[in-house]
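Basis for what follows: all heavy atoms, side chains included, without hydrogens, waters or symmetry-related copies.
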Amino acid sequence: VQLQASGGGLVQAGGSLRLSCAASGATFSSYAVGWFRQAPGKERDFVANINYNGASTYYTNSVKGRFTISRDNAKNAVYLQMNNLKPEDTAVYYCAAVYSPGPFNPVAGMAAYDYWGQGTLVTVSS
């Protein structure tokens, strides 16, 4: 599976962005997908994930109520809608996927994901 993240950019605090993760090379509808982010000088952290059919989603506490993960399997894509952005959301955002055509452990860490995109930079100015 090849993943391509896009949609990052510069936005003012309180603004919105929608990130996209486009997949190719496999039946994407059998994969769980996660979004992670890495701020400058910090470790890569979990943001949100979604199971293979979109019925189950999970978020880190700091983005609950502001970010929404969704997917369109017909388009082989997963999205991260980010609203009310804050300067602390500034980071490179990565999408990742793992073959999981069934129940998926939503708290699985980075090591559970086999495929990673290249990242897209989100910068939120105050």
Side-chain angles (χ1 to χ4, degrees):
V1 177
Q2 292 79 47
L3 303 176
Q4 179 80 29
S6 63
L10 174 63
V11 64
Q12 289 187 331
S16 298
L17 283 174
R18 188 175 85 151
L19 305 184
S20 297
C21 179
S24 61
T27 304
F28 196 48
S29 58
S30 297
Y31 288 74
V33 176
W35 283 98
F36 294 80
R37 65 186 179 186
Q38 187 166 16
K42 296 187 177 181
E43 295 184 348
R44 192 172 299 187
D45 292 327
F46 168 78
V47 177
N49 61 25
I50 189 166
N51 75 330
Y52 73 103
N53 64 2
S56 178
T57 59
Y58 185 74
Y59 300 89
T60 192
N61 286 339
S62 64
V63 308
K64 284 181 181 177
R66 300 188 298 122
F67 291 12
T68 303
I69 189 171
S70 61
R71 68 189 301 156
D72 185 341
N73 284 338
K75 295 183 178 179
N76 276 3
V78 169
Y79 307 101
L80 185 69
Q81 177 67 44
M82 306 186 296
N83 298 329
N84 190 21
L85 282 160
K86 304 176 180 180
E88 52 263 43
D89 294 318
T90 294
V92 177
Y93 283 71
Y94 299 88
C95 60
V98 57
Y99 181 75
S100 181
F104 175 72
N105 180 6
V107 298
M110 287 192 297
Y113 295 84
D114 297 315
Y115 307 96
W116 290 81
Q118 86 291 356
T120 185
L121 177 62
V122 173
T123 304
V124 184
S125 63
S126 57

If I take atom [atom1] from residue [X] and atom [atom2] from residue [Y], how far apart are they, to the nearest 0.5 angstrom?
X	Y	atom1	atom2	result
Ser29	Asn53	OG	CG	9.5 Å
Tyr58	Asn49	OH	CG	8.5 Å
Asn105	Asn51	CG	CG	12.0 Å
Phe67	Thr57	CZ	OG1	14.0 Å

Is [Y] close to [X] at the side-chain level, that is, under 4.5 Å between some pair of heavy atoms?
X	Y	value
Val98	Tyr31	no
Tyr99	Tyr115	no
Val47	Tyr59	no
Arg71	Phe28	yes
Trp35	Ile50	no

What closest approach, in Å, do [X] and [Y] show between heavy atoms, and which atom pair accounts for it?
X	Y	answer
Ala108	Phe104	CB-CZ, 4.2 Å
Cys95	Leu3	O-CD1, 3.8 Å
Ala13	Ser126	CB-CA, 4.3 Å

Among Thr123, Thr120, Val122, Leu121, find the residue that satisfies the side-chain contact (heavy atoms from CB on, under 4.5 Å) test when tested with Val92.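 The residue from Thr123, Thr120, Val122, Leu121 that satisfies side-chain contact (heavy atoms from CB on, under 4.5 Å) with Val92 turns out to be Leu121.
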
Determine all donor-acceptor pairs shorter than 3.5 Å in which one atom belongs to a side chain in residues 78-89; sequence neighbours excluded.
from  : atom 1 : to    : atom 2 : distance (Å)
Gln81 : NE2    : Asn83 : OD1    : 2.9
Asn83 : OD1    : Ser16 : OG     : 2.9
Asp89 : OD1    : Arg37 : NH1    : 2.9
Asp89 : OD1    : Arg66 : NH2    : 3.0
Asp89 : OD2    : Arg66 : NH1    : 2.7
Asp89 : OD2    : Arg66 : NH2    : 3.4
Asp89 : OD2    : Lys86 : N      : 2.8

Suppose clustering is done on Ile, Leu, Val, Met, Phe, Trp and Tyr with side-chain heavy atoms closer than 4.5 Å. Which residues sit in the same group as Tyr52?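 Members other than Tyr52 - counting any ILVMFWY side chain reachable under 4.5 Å - there are none.
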
Checking Gln118 side chain against Ala5 main chain: does a donor-acceptor pair fall under 3.5 Å?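 Yes; judged by distance alone, with no hydrogens or angles, the pair exists.
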
Has Asn73 got a side-chain atom pairing as donor or acceptor with Asn76's backbone, closer than 3.5 angstrom?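 No, because the side chain of Asn73 does not come within donor-acceptor range (under 3.5 Å) of the backbone of Asn76.
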
Check the hydrophobic clustering (I, L, V, M, F, W, Y; side-chain heavy atoms under 4.5 Å; chains of links allowed) and say if Tyr94 and Val1 are grouped together.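 Different clusters.
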
With Ala74 via side-chain contact (heavy atoms from CB on, under 4.5 Å) - residues at least two apart: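 side-chain contact (heavy atoms from CB on, under 4.5 Å) check on Ala74 returns Asp72.
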
Listed partners of Phe36 passing side-chain contact (heavy atoms from CB on, under 4.5 Å), at least two apart: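 In terms of side-chain contact (heavy atoms from CB on, under 4.5 Å), with neighbours along the sequence ignored, Phe36 is linked to Arg44, Phe46, Ala96, Met110, Tyr113, Trp116.
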
Residues that Lys75 engages under side-chain hydrogen bond (donor to acceptor under 3.5 Å, both in side chains), provided they are two or more places apart: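 Once residues adjacent in sequence are excluded, Lys75 has no partner under the side-chain hydrogen bond (donor to acceptor under 3.5 Å, both in side chains) criterion.
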
Can you pull the salt bridge (charged side-chain N to carboxylate O under 4.0 Å, His left out) pairs that have at least one residue in residues 15-33, sequence neighbours excluded?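 As it turns out, there is no salt bridge (charged side-chain N to carboxylate O under 4.0 Å, His left out) pair with a partner in residues 15-33 once direct neighbours are skipped.
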
Assess whether side-chain contact (heavy atoms from CB on, under 4.5 Å) is satisfied between Gln38 and Glu43, documenting all intermediate values. CA-CA 6 Å; Gln38 187 166 16; Glu43 295 184 348; 5.6 Å; no

